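Everything quoted here is computed from the prediction, not taken from an experiment.
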Amino acid sequence: MSGYANPDQPEQRLSDAEREAAVAQLAVARAEGRLTSAEYDQRATAAQAALTRADLVPLFEDLPETTAAPPRVAAYSTTATAPPAATVAEASTPRPSRALGGRIGDTIMGVTPFLAVALFFITGFQVSFMWAWLWFLLIPIVGIIIYGPGRRNEPEEPTRPSRALGGRIGDTIMALTPFLAVALFFLTGFNGSFAWSWLWFLIIPVTAIIIYGPGGGGRRGRD
């Protein structure tokens, strides 16, 4: 719309915002002395009742061309506003691991229980099962080195949700499992026989698979 007296599309229907803008423009003309109060009241009433842009032409044809066009109402869009790029990047950026060495430390910790089981059987069948169980002590030792208390005080590693099934409870269960296995090993060995008491150490890799296994990761993603 180039002006009220010469609209671009005279047949187009007016919005409420356009009617209010026309009344405001008439008020400017009255303030400038171009319209009397009676003329303003009459034209303002007609502007508020106008249906199309052509209806406004008689109200402004004897007035100077307006320099400011009536406000246009932005078209409503049903398209959802896209989130800021920074927010998307932050959400897609993986959080740093709490392990010593990052993801490499996580991998070493995940492999350690299986390595301990393999070394246990290799040493047991080739030498003796009497002391082969000591390989399972690798699990708590590696866990202390990689996830020890000193790692929590490093400022560059922000707190992140636990990767364990059950969160911090799962972490605690996994940390206590090796010590429980050692206690049961000696309790069963001294009260019965060490021939089969080593089987208690199998609860360590089993617990690790349940808490940190691939299935656990999928369940954590749905929490």
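Using cut-offs of 30° and 60° for the angle between ring planes, the Tyr4 and Phe60 rings count as parallel.
Minimum interatomic distance between Ile139 and Pro113 (heavy atoms only, all atoms of both residues): CD1-CA, 3.6 Å. In terms of heavy-atom proximity, Leu59 sits nearest to Ala46 at CD2-CB, 3.8 Å. Nearest heavy atoms, Arg30 versus Ser37: CD-CA, 4.2 Å. The shortest heavy-atom contact between Ile146 and Met109 is CD1-N, 4.1 Å. Nearest heavy-atom pair, Glu18 versus Arg13, reported as atom, atom and distance to 0.1 Å: OE1-O, 4.0 Å.
Here the CG-CG distance, from Asp62 to Leu35, works out to 7.0 Å after rounding to the nearest 0.5 Å. Annotation: the span from Arg43 atom CZ to Leu56 atom CG amounts to 11.5 Å, rounded to 0.5 Å. The CD1 atom of Ile209 lies 12.0 Å from the CD1 atom of Ile204; values are rounded to the nearest 0.5 Å. One distance of note links OG1 of Thr188 with CH2 of Trp196; it measures 14.0 Å at 0.5 Å rounding. Separation of atoms CG (Asp55) and CG (Leu14) is listed at 7.0 Å; rounding is to 0.5 Å. Residue Leu180 holds its CG atom at 14.0 Å from CZ of Phe185, rounded to the nearest 0.5 Å.
There is no path of hydrophobic side-chain contacts, each under 4.5 Å, that joins Phe179 to Ile141. Hydrophobic cluster membership is shared by Leu137 and Ile108, with clusters built from Ile, Leu, Val, Met, Phe, Trp and Tyr side chains linked at under 4.5 angstrom. Both Phe201 and Phe186 belong to a common hydrophobic cluster when Ile, Leu, Val, Met, Phe, Trp and Tyr are linked at side-chain heavy-atom distances under 4.5 angstrom. Both Leu134 and Leu202 sit in one connected hydrophobic cluster of ILVMFWY residues. Membership requires side-chain heavy atoms under 4.5 Å apart, directly or through other members. No chain of hydrophobic side-chain contacts below 4.5 Å, direct or via other Ile, Leu, Val, Met, Phe, Trp or Tyr residues, connects Met174 to Leu176.
Annotation: side chain of Leu119 is in contact with side chain of Leu138 (closest heavy-atom distance under 4.5 Å). Counting only heavy atoms from C-beta outward, the side chains of Val23 and Arg19 never approach each other to under 4.5 Å. Contact of the Thr177 side chain with the Val206 side chain is not registered, since no non-hydrogen atoms from C-beta on lie closer than 4.5 Å. Side-chain contact between Pro10 and Thr52 is absent, with no heavy atoms from C-beta onward closer than 4.5 Å. A 4.5 Å side-chain heavy-atom check between Phe136 and Val117 finds at least one atom pair inside the cut-off.
No donor-acceptor pair under 3.5 Å is formed between the side chain of Asp41 and the backbone N or O of Ala38.
Dense packing is recorded around CD of Gln48, with more than 12 heavy atoms of other residues, nucleotides or ligands lying under 6.0 Å away. Atom CD1 of Ile169 is surrounded by 12 or fewer heavy atoms from other residues, nucleotides or ligands within 6.0 Å.
Applying the side chain to side chain donor-acceptor pair (under 3.5 Å) rule to Thr112 yields no partners; only residues at least two apart in sequence or on another chain are considered.
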